[in-house]
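This report refers to the structure that appears directly beneath it.
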Amino acid sequence: MVLFTVSASFEAITLRATTLARSYLDTLALAEEILLEPRWDADAFELARDRTLSEIRQQAAAPTTIAATVLNRLVYGPDHILAHSPLGTNESMSTLTLDDLRSYYDRAFSPSVAAMHVAGDISEDEVFASLTSLGSRWAARNVVLPDSPLPDAPTAAQVYFVDVPNAPQSVISVGQMAMARTDPDFYSATVMNHRLGGGITSLLFQRLRLERGYSYGAGSGFRGQGRPGPFVANTSVRANVTYESVELIRDILEGYETQYTAEDLAASREELVRGNLRAFETLGALIGMLQNISAYDLPPDYIGQQESTIAGLTVDDVRGLARTHLDHNRMVYVVVGDARTQLDRLGELGLGTPILVDNNGEPVAANQGH
């Protein structure tokens, strides 16, 4: 049995296949056909477009997705390519044609910007030998990847609110632009974040869920890829504790640098190293490791180097990373919930007057608000 999936993310289109080891060559032949001989079937295109439009509509009604979309727009700026969902919009999908797909394929599908990853019961020599046909048939093109400048960082923290009338919960996303996955500080900053929002022992999870019972979960992390990405902390809470939850997140962020301890660092070291021991037990996890190596030009032993980084970090190092990459005075707070009952009180947080915005992060006129 062979399982093929094709997916698109912000920075990649991925063709993935899972197969028995004995069927590897037959599976590769099918993958080659998919890559080099697209059918351009009009009926299949219409079905795919209908499915995508349905997914766009579903996401437009999902508070968690709304919060992520608005935060992306605010930290990247509305004109940046990564401020927009890979799904597109109702308008862009409605005007998309099969000729547009052909044109994109001709411009962007090239071995010069592709990487192949294989994990399983097969040798390196066998893999290289198997790629002879694909290598000879797939002509390289000069692919120009689009780029967009990032906006200036905000000068102060600000709350933005998206109104979902009568919502029983509020979704809270807090973030700011940070760094790319290739930044030398990225893994050290990931270690720094572990105590803040990296798991069930983190401050955000412990205080929002276990201590206060406001939420079923909370976390944070750095989302850089090949290009700079944001730091994001998020949670979903009962509507009637929206203010208290935002206040608690603000206080945790403000105190994180100065309150970080040697015990916090020791616990993070233990949990992250122990996690690495279990992280690469499956073929899927190994593929993920190979993808990281090729996408971000990491050394083959990058996991071992990360463990050396953890061992060498000091409390002062972590506090310096927090000071550099978690500027609580410039955080963007996005709250998606019932404006009638929750918006006004957020003005008491000391984060400026909350700004009511629509699902795209655009300001809503006062007479259209709550």
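Since the model is a prediction, treat every value here as computed from it, not as a measurement.
At a threshold of 4.5 Å between non-hydrogen side-chain atoms, the residues M192 and E257 do not count as touching. Side-chain contact between R212 and V241 is absent, with no heavy-atom pair separated by less than 4.5 Å. With a 4.5 Å cut-off on side-chain heavy atoms, L101 and L96 count as touching. A heavy-atom distance below 4.5 Å is found between the side chains of D106 and R141. At least one side-chain heavy atom of Y24 sits less than 4.5 Å from a side-chain heavy atom of V118. A 4.5 Å side-chain heavy-atom check between H328 and Y256 finds every atom pair outside the cut-off. In this structure, the side chains of F222 and D185 stay at 4.5 Å or more apart for every pair of heavy atoms. Side-chain contact check for V191 versus R269: every heavy-atom pair is 4.5 Å or farther apart.
With hydrogens and angles disregarded, a donor-acceptor distance shorter than 3.5 Å links the side chain of R238 to the backbone of G213. A distance-only check finds a donor-acceptor pair linking the side chain of S215 to the backbone of S236 [under 3.5 Å]. Of the possible polar contacts, none joining the Q225 side chain to the A295 backbone as a donor-acceptor pair under 3.5 Å is found. Side-chain atoms of T324 do not come within 3.5 Å of backbone N or O of L321 as any donor-acceptor pair. Here the side chain of Q342 pairs no donor or acceptor atom with the backbone of S170 at under 3.5 angstrom. Put simply, the side chain of T190 gets close to the backbone of F186: a donor and an acceptor are under 3.5 Å apart. Within the 3.5 Å criterion, the main-chain N or O of A61 finds no donor-acceptor partner in the side chain of T65. Judged by distance alone, with hydrogens and angles left aside, the side-chain atoms of D41 form a donor-acceptor pair with the main-chain N or O of A44 at under 3.5 Å.
At most 12 non-hydrogen atoms from other residues, nucleotides or ligands lie less than 6.0 angstrom from OH of Y216. Counted within 6.0 Å of CG on D121, heavy atoms from surrounding residues, nucleotides or ligands total 12 or fewer; the atom is thus considered open. For E348, the CD atom sits in a packed shell: over 12 heavy atoms of surrounding residues, nucleotides or ligands are nearer than 6.0 Å. When the shell of 6.0 Å around CG of D297 is examined, it contains 12 or fewer heavy atoms from other residues, nucleotides or ligands. No more than 12 heavy atoms of other residues, nucleotides or ligands sit less than 6.0 Å from atom CD1 of I200. The neighbour count for Y104 OH, taken as heavy atoms of other residues, nucleotides or ligands under 6.0 Å away, does not exceed 12. By the 6.0 Å contact criterion, CZ on R22 is open, its count of non-hydrogen atoms from other residues, nucleotides or ligands being 12 or less.
Rounding to the nearest 0.5 angstrom, the gap separating the CD atom in Q206 from the CG atom in L203 is 8.0 Å. The line from OG of S308 to OH of Y302 is 14.5 Å long, rounded to the nearest 0.5 Å. For the atom pair L131 CG and M116 CE, the distance stands at 5.0 Å (nearest 0.5 Å). Atom CG of L265 and atom OG1 of T314 lie 7.5 Å apart (nearest 0.5 Å). Here the CG atom belonging to L208 is positioned 7.5 Å from the CD1 atom belonging to I172, to the nearest 0.5 angstrom. Expressed to the nearest 0.5 Å, how far CG of L28 lies from OG of S23 amounts to 12.0 Å.
Heavy atoms only, all atoms of each residue included: G226 and Y296 are closest at N-CE2, 3.5 Å. Minimum interatomic distance between D338 and N166 (heavy atoms only, all atoms of both residues): OD1-N, 3.2 Å. Looking at every heavy atom in both residues, L53 comes nearest to M93 through CD2-CB, 3.6 Å. Taking every heavy atom of both residues into account, A17 and F4 meet most closely at CB-CE2, 3.5 Å. A83 and G77 make their closest contact through CB-O, 3.2 Å (heavy atoms, listed as atom of the first residue, atom of the second, distance). L196 approaches I252 most closely through the heavy-atom pair CD1-CG2, 3.5 Å.
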Evaluation steps, side-chain contact (heavy atoms from CB on, under 4.5 Å), between D251 and E247: CA-CA 6 Å; D251 292 346; E247 181 182 45; 3.9 Å; yes
Worked check of side-chain contact (heavy atoms from CB on, under 4.5 Å) between H80 and N72: CA-CA 10 Å; H80 197 285; N72 251 12; over 6 Å; no
Worked check of side-chain hydrogen bond (donor to acceptor under 3.5 Å, both in side chains) between D100 and S103: CA-CA 5 Å; D100 293 329; S103 176; over 6 Å; no
Check against side-chain contact (heavy atoms from CB on, under 4.5 Å), Q306 and L272: CA-CA 10 Å; Q306 287 179 351; L272 288 167; over 6 Å; no
H84/T89 under side-chain contact (heavy atoms from CB on, under 4.5 Å): CA gap, chis, key distance, verdict: CA-CA 9 Å; H84 303 276; T89 64; 5.9 Å; no
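L20 and L283 fall into different hydrophobic clusters, where Ile, Leu, Val, Met, Phe, Trp and Tyr side chains are chained together by heavy-atom contacts under 4.5 Å. Following chains of ILVMFWY side-chain contacts shorter than 4.5 Å, one can reach Y214 starting from V159, so the two form part of one hydrophobic cluster. Grouping the Ile, Leu, Val, Met, Phe, Trp and Tyr side chains by contacts below 4.5 angstrom, directly or via other members, places F45 with I13. No chain of hydrophobic side-chain contacts below 4.5 Å, direct or via other Ile, Leu, Val, Met, Phe, Trp or Tyr residues, connects L290 to L15. By the rule that hydrophobic residues join a cluster once side-chain heavy atoms approach within less than 4.5 Å of another member, L134 and V6 end up as members of one cluster.
In summary, R49 and E46 engage in a salt bridge, as defined by a charged side-chain N under 4.0 Å from a carboxylate O. A salt bridge does not link R195 with E263: none of the charged nitrogens is closer than 4.0 Å to a carboxylate oxygen. Between E32 and R137 a salt bridge is recorded (basic side-chain N to carboxylate O distance below 4.0 Å).
A donor atom on one side chain and an acceptor atom on the other are found under 3.5 Å apart for T201 and E271. T261 and D264 are linked by a side-chain donor-acceptor pair at a separation below 3.5 angstrom, with hydrogens and angles left out of the test.
Grouped with I81 in one hydrophobic cluster are F10, I66, V70, L71, L74, V75, Y76, L82, L150, Y160, V162, V164, V171, M177, V232, V332, V334, V336, I355, V357, the linkage being side-chain heavy-atom contacts under 4.5 Å among Ile, Leu, Val, Met, Phe, Trp and Tyr residues.
The only option from S220, S188, S268 that meets the side-chain hydrogen bond (donor to acceptor under 3.5 Å, both in side chains) definition with N193 turns out to be S220.
P184 pairs by the side chain to side chain contact (heavy atoms under 4.5 Å, CB included) definition with nothing, not counting sequence neighbours.
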